[in-house]
Protein chains: 2
Amino acid sequence: MNLTLDRISSVPLYAQIHGEIRRQIEANQLRAGAAVPSERELAEICKVSRMTARQALNALKNEGFVYQERGIGTFVAKRKLDVHTRNLIGFTEEMRGRGLTPSTKILLARREKAAQEVAQELGIETEDEVFHFQRLRLADDSPLAFEDAFLPVKHFPDLDTKNLENESLYKILETDYGVAMRRAEEILEATCASKEIARALAIKPKSALLIVHRVVFSESNLAVESVRTFYRADRYRATFVLTKNAV
Amino acid sequence: MNLTLDRISSVPLYAQIHGEIRRQIEANQLRAGAAVPSERELAEICKVSRMTARQALNALKNEGFVYQERGIGTFVAKRKLDVHTRNLIGFTEEMRGRGLTPSTKILLARREKAAQEVAQELGIETEDEVFHFQRLRLADDSPLAFEDAFLPVKHFPDLDTKNLENESLYKILETDYGVAMRRAEEILEATCASKEIARALAIKPKSALLIVHRVVFSESNLAVESVRTFYRADRYRATFVLTKNAV
DNA sequence: ATGACTTGGTGGACTAGACCACTTATAGAA
DNA sequence: TTCTATAAGTGGTCTAGTCCACCAAGTCAT
């Protein structure tokens, strides 16, 4: 276990430790079942206090990368299902993580008055304007999902002039508007494809679709986006890791 | 904000604080947007150190109940979607949380040799035995889901003699075998109902179904259960809260 | 050989501080 | 009146400990 920390960096020490161990697990340098340094050992290695080392291990535990047993130690957890931790990331990052090449075709991009449901989800008034984007999402140049997204105009002026086809939306929000994502609420449901969506996704009508309805919140708890994504069920499965007592 | 802690109890102080604030939020005594006591205030109120108060607030933040802004304070988060936090709970608890009355009809309960996929998911050998349960799950006496579950025999001897129709499986595992759930991996996908499942769920063939494939792990990282649940899409939607940096 | 006890290591909980970057309100100077 | 510096409060990070329950392995007496 070699771990060198950058004490000048603005990245917190616990985040550096967490990131390095996670990287080693994902690179299979630390294999499933292998012991991770104990909290005291890790603190000694990194020259930090035990609480800091503990914070790093705790994050790994909450993400399902390791498990801890009192009196025994900390170990790398086995992944049983093919879980690409569905963290709070955008389509672009998710597809790259799965080893696919994402691309996007914009079908609609306009401003409009917020419909009541959308206004309520975004915490704005119905007379407020929203950007309405409809996008066809492709993976390796083949249709994967149809997306219907709404964002409040007042927080993101000129968003419609940005390069949405090639840049990740979440990255634009962060770099151009300084708004970082922090939390999302999701509802997943199954349905059968309507004729319009079936045509857009190049599948037969009544094929199964997975609908992911997501409302995304920023660090300061602004509702940033309300989006419904209609995934082709034959090409997409959503994966999650649940933990009890995420303390 | 009144908060009385039981210092004799084996429940950790941070968990008591967390539970009490969560209860107040869920009972709407703390409304969306309302300020929660600051970390230092909370520590003062409860006569604990700031780190302990912080741990309680951190858990609430990770669950999406509150958000924190540096320099400002801690506030109750608005729920936009109708999110019943899909924590790591069983069918029985989940339905009760949604205000429905759960019931179960056992269609199959037997021991068998583990199929290869199941053995791999549970981390056992193919010659090992598993319990194989098929259950029809009802909510308010109407079919909601069909469930196909596998559990390793060696960890739960005589499980098939327990009262599975009326008791929560997870509760039995905890009280009778001392095995508490800690983590689960889930894959969600959409499909169309086969004839058999359609008949069991009293829907038309080719209706949409939501399949939740879950592998559950105990505190000591034993794979405890591998289960596929086929939900009627017209009666069930899965909800999640995602957070970035669950530290 | 077997069983009881000790020892050292582990994670879990908790304390009482520290410094930092950030925000807001306020008091004083222009 | 307007601007600016300051002070107080907030969450974020970090330290250097403490005590506890638990587990494994070795020791020692039976």
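Letters go in sequence order (proteins before strands), and every chain restarts at 1.
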(message) Between C1' on C:dA16 and CD on B:E44, what's the gap in Å once rounded to a whole number?
(response) 13 Å

(message) Whole angstroms only, please: what is the CG-P distance between A:L13 and D:dA16?
(response) 12 Å

(request) Would you tell me if any nitrogen or oxygen in the side chain of A:Q55 comes within less than 4.0 Å of OP1 or OP2 on D:dC14? (result) no

(message) Output the rounded distance in Å from CZ (A:R40) to P (C:dG11).
(response) 7 Å

(request) Would you mind reading off the distance between A:L42 atom CG and D:dC14 atom P, rounded to a whole angstrom? (result) 13 Å

(message) What is the separation between atom CD1 on A:I72 and atom P on D:dC22, rounded to the nearest whole Å?
(response) 12 Å

(request) Rounded to the nearest angstrom, tell me the gap between atom CE in B:M51 and atom C1' in C:dC19. (result) 14 Å

(message) Quiz question: by atom type and distance under 3.5 Å, do the side chains of B:E93 and B:Y170 form a donor-acceptor pair?
(response) no

(request) Would you please classify the geometry between the A:F240 ring and the B:F240 ring as parallel, tilted or perpendicular, with 30° and 60° separating the classes? (result) parallel

(message) Between the base of D:dG9 and the side chain of B:R70, is there a donor and acceptor pair under 3.5 angstrom?
(response) no

(request) Find which nucleotide of DNA chain D each of A:G71 and A:S49 is nearest to by heavy atoms, and output the residue with the more 5' nucleotide. (result) A:S49

(request) Let me know the distance between CD of B:E39 and C1' of D:dG9, rounded to the nearest Å. (result) 12 Å

(request) Report the nucleotide, chosen from D:dT18, D:dC14, C:dT15, that has the shortest atom-to-atom distance to any side-chain atom of B:R7. (result) C:dT15

(request) Flag the pair B:R111 and B:D160 as a salt bridge only when some basic side-chain nitrogen lies within less than 4.0 angstrom of an acidic carboxylate oxygen. (result) yes

(message) Please pick, from D:dT15, D:dG12, C:dA16, the nucleotide with the shortest atom-to-atom distance to any side-chain atom of A:T52.
(response) D:dT15

(message) Check for me whether B:R183 meets the cation-pi criterion with B:F217, that is, NZ or CZ under 6.0 Å from the six-membered ring centre and within 45 degrees of the ring axis.
(response) yes

(request) Examine distances only and state if a side-chain atom of B:N28 and a backbone atom of B:R31 form a donor-acceptor pair shorter than 3.5 Å. (result) no

(message) Rounding to an integer number of Å, can you tell me how far B:R54 CZ sits from C:dA16 P?
(response) 18 Å

(message) Using a heavy-atom cut-off of 4.0 Å across all strands, would you classify A:L57 as base, sugar-phosphate, or nothing?
(response) nothing

(request) Would you indicate, yes or no, if C:dG12 has its OP1 or OP2 atom less than 4.0 angstrom from a side-chain nitrogen or oxygen of A:K61? (result) yes

(request) Check whether any side-chain nitrogen or oxygen of B:Y14 sits under 4.0 Å from OP1 or OP2 of C:dC14, and answer yes or no. (result) no

